[in-house]
Structure formats: C-alpha cells, structure tokens
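Below, read A as the first sequence line, B as the second, and so on, with proteins coming before strands; counting in each chain starts at 1.
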Amino acid sequence: MQTTNEYNRKRYRLGLWFVAPAVFVLLIVLAYPIFASLVLSFLRVRFAGQGLSFEFNGLNNYADLFRKDLFREALFRSVYYTVIEVVSVILLALLVALMLNHPLGRSAFYRVVLLVPWALAPVANAVLWKWIYNANYGILNQALRGLGAIEENIIWLGKPWLALNMILVADIWKAVPFIALLILAGLQNIPSYLYKAARLDGANAWQQFVHITLPGIKTTFVISIVLQSIWALKVFDLIYVLTKGSPADSTVLLNYLSWRETFSNLDIGYGAAIANVLFALMLMLALVYIRALRPRQTQAQGG
Amino acid sequence: MATLELININKKFGEFTAVNDINLRVEEGEFVTLLGPSGCGKSTLLNMTAGLEDVTSGEIHINGKKVNHLGPFERDVAMVFQNYALYPHMTVEENIGFSLRLRKRPKNEIQDKVRKVAEMLELDKFMHRLPRELSGGQQQRVAIGRAVIREPSIFLFDEPFSNLDAALRLKTRGEIKELHQRLGVTSIFVTHDQEEALSLSDRIAVLRLGQLEQFGTPEDVYSKPASKYVARFIGTPQMDIFAGSFVNSDGLHFQIGEADIPLPVSFKIPDTAVDVGIRAEFVTLGSKGFDAAIRLVQPVGPFTYVTVDWQGGSVTARVNGVSHMKPKEIIKVEIDPEGLLFFDRITEKRMDLL
Ligand SMILES: Nc1ncnc2c1ncn2[C@@H]1O[C@H](COP(=O)(O)OP(=O)(O)OP(=O)(O)O)[C@@H](O)[C@H]1O
Ligand SMILES: [Mg+2]
C-alpha cells in the first residue's frame with residue numbers, strides 16, 4: 001500500500017511538471033485578459049498627456065449599460081440575430097445532413113463541396129459577400145433582375161433591417177457546413193439495426209425519424225445549438241467588412257459595439273463592461289455545452 | 001400461427017451468391033433452426049423472410065400467400081436480433097410497448113399488455129430502466145418481450161444467445177423452448193451452435209455456403225446425416241472419418257489400415273469408393289480389438305472423451321464417467337459396425353448400405 005501511494009504521488013508530481021507549460025501559456029493568453037478586462041470595467045481610463053490615467057469608477061460603467069439606448073438596442077439585435085441564426089442553421093444543417101446520409105448523397109464529393117464555405121477565411125467570406133451584395137455590380141441584383149424578380153437595384157446593405165438580415169444570410173451560409181457535418185456524424189452513429197427493429201415494430205418513415213433519428217442525435221443537437229449561439233454572439237468580422245455598423249447603427253451588435261467603444265471612442269472601461277456582459281452570456285452557454293457533453297447519469301432505478 | 005414457405009430463394013450481393021436456390025417449408029407451430037457456420041447465409045435468409053432485405057429471385061409465402069412485396073410489419077413477423085437492437089433512449093416498458101404505441105392503442109390497454117408480457121419474462125422489476133442499465137440476459141428478455149407483445153404469426157430469432165455467457169445461454173434456451181410450447185407460434189431460429197439446434201428444434205435446416213444441405217428432425221441430422229459436411233458439423237465430439245475399402249474373405253469386412261470391421265451379411269456393397277464415419281458412442285476401449293495409443297483424455301462430467309491414435313488417424317471414444325486413462329498408454333479399440341456411416345468419397349453424400 002505504502003509503495004503504491006508513494007508511486008502514485010510521484011506520478012502525480014511528474015504529471016504536474018508536464019502540464020505546467022500549458023497551464024502557464026493558458027494563464028497568459030486567457031486568464032490574464034479576462035482578469036484585466038474585469039478590472040478595466042471598474043475603471044475610468046483617460047488619455048492624459050504622455051499616457052493613460054486610471055481612476056476608480058465603481059459600477060458606473062455597468063450603470064451606463066442601462067442608461068445608453070445603443071447598448072439596449074445592440075443587446076436586442078444580438079438576441080434577434082442569435083435566435084434567427086441558430087434556428088436557421090440547425091434546420092438547414094439537419095436537412096443537409098439528412099441528404100448526405102441518404103444513399104444517393106453518400107458520395108464524398110458532396111461532403112467536399114459542402115466544406116468550401118467553412119474552409120474560407122472569415123474575412124475572405126465577408127469580402128465575398130460584400131461583392132455579392134454590391135448595389136451596382138453585385139451578382140445578387142443582377143441575378144434577380146435577370147429573373148425579372150426586381151426592376152431596380154436594391155441597396156442590400158443600405159436599409160436598417162434588411163442590412164442586418166443580409167449579414168445573417170452570409171453568416172448562415174458559412175455556418176451550415178460545420179453543423180451539418182456534426183449532425184451527419186451523429187446520424188451515422190445511429191446503428192442501422194435500430195431502424196430495422198423499428199420497421200418490424202411497424203414504424204413508418206416519419207415515425208422512424210421521430211422515434212429513432214431525433215433521439216439519436218439529441219446530444220449533437222444541444223452541442224450544435226450552443227456552439228452556434230456562441231458563434232452568433234461573437235460575430236464581428238462580417239459587420240466590420242460589410243457595414244461597419246451602418247446604416248444608422250442598425251447593424252451594431254454587442255461584440256462590434258464593445259470593439260467600437262473601446263478602440264474608436266476610446267471609452268475603454270465601458271467597452272470592457274460590454275465585453276464582460278458578452279463573456280457572461282457565453283460562459284453560461286459553455287456550461288450548458290459541458291453539461292451536454294457529460295455522459296448521462298444513470299437515472300433512478302425504478303421499481 | 002402460420003406456415004412459411006421459401007421457394008427457390010436466391011440472394012446475390014453483386015457477383016457474390018449468399019443464398020443459393022433454397023426451398024423450405026415450415027409447418028404451422030413448428031420450431032425450425034437454420035444451422036451453419038459463419039457466413040453461410042443464415043442471417044440473409046432470415047432478413048429476407050422478415051422483409052428487411054429483398055430477394056434476388058424466388059418467392060416467400062406466409063400462410064400460402066405471397067408476401068415478397070410486403071414490408072416487415074405487414075408480414076406479421078417479429079424478430080429478435082443478435083445484439084437485441086433495443087431502443088437505447090426508451091425504458092424497458094417503452095421498448096416493449098413501442099409497437100402498440102405506434103398503432104395508437106389506448107394507454108391502459110398498452111399498460112396491461114406490457115405488464116403481462118413483463119411478468120411472463122420476469123421483467124416487471126425493471127420497467128423504468130434503460131437498456132444499458134440491464135444485464136445481457138435481461139436485455140435479451142426485453143428483446144423477446146418486444147417480439148412477444150406483437151402476437152405475430154411467426155417469430156424470427158437471429159442468434160439471440162450469442163452475447164450471453166454459457167450458463168445464461170442454457171437457461172435462456174430452456175426459456176425459449178418453454179415460450180414456444182406455451183404460445184405455439186411458428187418460429188425460425190438462427191444459430192451456428194449445433195447443440196442449441198438439436199435441443200430446440202422440431203426440424204433443422206443445415207446450410208452450407210448458401211445452400212440447403214439437409215432439412216430434417218434433430219434425430220435425422222444426427223444419425224442419418226445427408227453428407228459428410230452435416231455429419232462433421234453435428235454432434236460432439238466431431239465425427240471421425242476414415243478412408244477404407246471392402247474386403248470379402250472370411251465374411252465381409254471394412255478395412256481401415258490394418259483394422260478390419262466385420263459387416264453384417266445383409267450389407268449392400270456399393271460400386272464407388274467410400275469413406276466411413278465413426279461416432280464416439282460406437283467406439284469401445286478395452287481388451288478387444290486393435291492396439292492404439294492414447295493421445296488425449298477430455299472429461300466432460302458424465303462422460304470422458306478419449307482420443308487415440310489409430311490407423312494413421314485418430315478416433316475418439318466416449319467413456320462413461322470419469323476415466324483414469326493416461327496419455328501414451330496402449331489400449332485396444334473396438335468399433336461397433338452398427339454405428340458406421342458410409343459416405344461416397346467423391347460426392348460426399350451418405351449412402352444407406354446397412
Ligand atoms: N450487404 C452485404 N453485402 C455484401 N455481402 C454480404 C452482405 N450481407 C452479407 N453478405 C455476405 O453474405 C454471406 C452470408 O452472410 P450472412 O450474414 O447471412 O451470414 P451468417 O450465416 O448469418 O453468418 P454469421 O453466423 O456470421 O452471422 C457472407 O459471406 C457475407 O459476407
Ligand atoms: Mg448472422
């Protein structure tokens with residue numbers, strides 16, 4: 001006993017040395033910024049003479065959140081954006097995954113094609129859509145005019161709600177492939193004999209989908225929803241490239257607002273406060289994610 | 001209850017023929033086993049019967065009606081899978097009642113039926129557990145319950161015991177047999193375990209490379225195997241087979257190496273070369289016969305199987321009780337001509353000569 005304990009202690013100590021470098025790096029790149037941002041959000045930061053001056057500001061930066069209309073609007077728009085994005089991405093991805101899982105869609109060719117949007121660099125994707133949406137030369141206007149659907153060019157990114165929704169479209173296009181592959185993996189994990197058993201029990205195609213397929217990809221679903229929510233909350237590059245928040249701040253979402261307050265308006269404390277709100281939202285989602293990934297506890301044994 | 005008829009059934013996977021022209025008629029209430037080694041097409045045949053797989057050609061009749069075009073459910077067959085195929089997210093109760101819920105039966109009717117089936121299979125204590133919270137044997141009973149509740153006209157079992165340990169296998173085997181005696185439902189049972197087949201079946205269909213080698217009662221396939229293949233496949237220990245020839249001097253003998261076994265006068269001498277098969281219960285070790293050295297002694301409880309080197313090969317004898325013979329001892333071997341089985345050396349078919 002003594003020796004195994006001694007042995008385990010040695011192993012443990014050696015293990016600590018192995019993980020130490022990784023922990024050190026994580027502390028620098030993750031823990032420090034999070035902590036700094038928290039501290040900053042309680043300060044008023046000013047540019048004075050040669051450098052910065054810090055001054056304790058209590059909860060004023062957070063109180064400002066409630067005072068400023070723009071934050072409330074951005075929060076509302078972020079929620080709208082996230083809900084629409086999550087619902088559309090999940091439904092489209094499910095559809096795509098079901099098609100890829102069908103015998104006719106099994107060819108690797110489709111999977112490769114599907115991956116293209118996902119493989120694009122985010123900014124490249126944004127620039128691509130900027131051209132597509134271009135009011136004068138954009139392919140979208142040309143295509144719609146060619147089809148006779150519209151008579152005059154539409155300024156896609158020029159009207160408040162329209163602009164936000166066009167950003168959504170670009171984001172959804174990029175996000176569907178990854179989630180579709182995630183769901184596809186979930187689908188392929190469902191053993192085929194379950195479908196055989198269900199057919200013998202008299203389940204038609206729809207009933208098989210409801211009773212076998214959906215329960216089989218439930219975990220994948222939860223994970224997809226959480227990942228996609230985080231993705232939608234932190235959208236930045238698309239807004240930066242496509243609209244920079246215009247027209248009339250109608251495409252300012254939380255992450256973009258935080259960036260703008262910090263680096264354009266140089267209201268660093270307030271920007272940090274917004275960032276922390278975002279951080280809290282994502283942290284909650286991350287907790288849901290971790291719960292979903294944990295193997296299910298055995299339920300109370302019934303009698 | 002129903003009759004099942006397979007008529008000229010063929011199944012090809014691309015160029016590969018998995019099932020080759022099988023004809024089989026199963027009577028009402030009969031328990032028939034499909035027996036054969038791995039890959040001989042047992043599951044394929046069963047899946048085609050269930051409607052999970054299409055036939056390449058041939059007809060399947062249930063109760064005299066052609067069912068080729070019907071889906072699994074319309075054929076009114078229920079199946080127990082090798083890995084049970086329980087729905088992992090449903091409790092025992094939900095698993096068993098699933099088919100009734102699909103048919104939108106009233107709640108209390110479902111509950112009553114599920115409880116009855118669960119009691120019969122001693123599952124009533126586990127109603128609210130998920131499959132993975134059950135032991136292998138319990139999962140297996142849930143799979144049977146899911147089949148039983150449908151009151152189908154045919155049960156199909158695809159190696160339902162293969163995931164169970166030896167003791168549980170024997171117990172479950174008994175339970176299946178009892179279930180069949182109680183419900184009397186026509187059953188097709190797939191296994192590669194000959195002992196299982198012998199102990200369960202009314203009739204056994206022995207398959208070889210997708211073909212039907214013999215279809216008969218357990219007694220028939222054991223004591224009148226149609227071919228060498230069946231003879232070797234059925235029976236423990238495996239039948240010993242020797243080449244030999246007939247000698248007619250001082251009465252008719254069958255000569256194996258230096259040993260000659262006297263044959264009765266009524267024996268019909270064939271005009272082809274033959275091999276002879278010897279089962280262990282027809283071999284006696286003792287003071288009469290030909291010398292042989294003991295190679296292997298295997299006690300199995302009520303018997304001991306003693307294998308001896310004999311005439312360039314080896315032959316196994318069944319000795320009652322525990323034997324104290326030792327390897328390398330020399331002993332005399334006598335063979336009872338009554339127990340000999342003769343096979344055409346070329347076609348490997350058995351010949352009725354005695
Ligand atoms: N979907 C398929 N595609 C191609 N070949 C197949 C397919 N299913 C079965 N086979 C082949 O058909 C033959 C019979 O298969 P089957 O599953 O019926 O064997 P089995 O007798 O049930 O064997 P086991 O005892 O191992 O379950 C095998 O050689 C197998 O490789
Ligand atoms: Mg099989």
*Nearest heavy-atom pair of A:A197 and B:A85: which atoms, and what distance?*
CB-O, 3.9 Å
_Nearest atoms (heavy-atom pairs only) where A:H211 meets B:H89_ =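 In this case the closest contact between A:H211 and B:H89 is O-NE2, 2.8 Å.
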*asked:* Please identify, among A:L194, A:D201, A:I212, A:N204, the residue contributing the most non-hydrogen atom pairs under 4.5 Å to chain B.
replied: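 Of the options given, most contacts go to A:D201.
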Around atom [atom1] of [X], are there more than 12 heavy atoms from other residues, nucleotides or ligands closer than 6.0 Å?
X	atom1	result
A:F209	CZ	yes
B:F13	CZ	yes
A:W118	CH2	no

*Counting only heavy atoms closer than 4.5 Å, note whether B:V80 contacts chain A via side chain, backbone, both or neither.*
neither
*Answer with side chain, backbone, both or neither: which region of B:Y87 has an atom nearer than 4.5 Å to a non-hydrogen atom of chain A?*
both
*Under the ring pair (Phe, Tyr, Trp, His ring centres under 6.0 Å) test, which residues partner B:F155, sequence neighbours left out?*
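With neighbours one apart ignored, the set is B:F157.
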*Using a heavy-atom distance cut-off of less than 4.5 Å, which residues of residues 38-51 of chain B contact chain A?*
B:N47, B:A50, B:G51
_Can you list the residues of residues 93-102 of chain B that sit under 4.5 Å from chain A, counting heavy atoms only?_
B:F98, B:S99, B:L102
*For B:D158 and A:Y193, test the side chains for any donor-to-acceptor distance below 3.5 angstrom and give the result as yes or no.*
no
*Does some side-chain heavy atom of A:L200 sit less than 4.5 Å from a side-chain heavy atom of B:L52?*
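A side-chain contact exists here, since the closest heavy-atom pair is under 4.5 Å.
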_Quick test of your reading: applying salt bridge (charged side-chain N to carboxylate O under 4.0 Å, His left out), list the pairs with at least one residue in residues 64-77 of chain B, sequence neighbours left out, ordered by first then second residue._
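Only B:E59-B:K66 qualify under salt bridge (charged side-chain N to carboxylate O under 4.0 Å, His left out).
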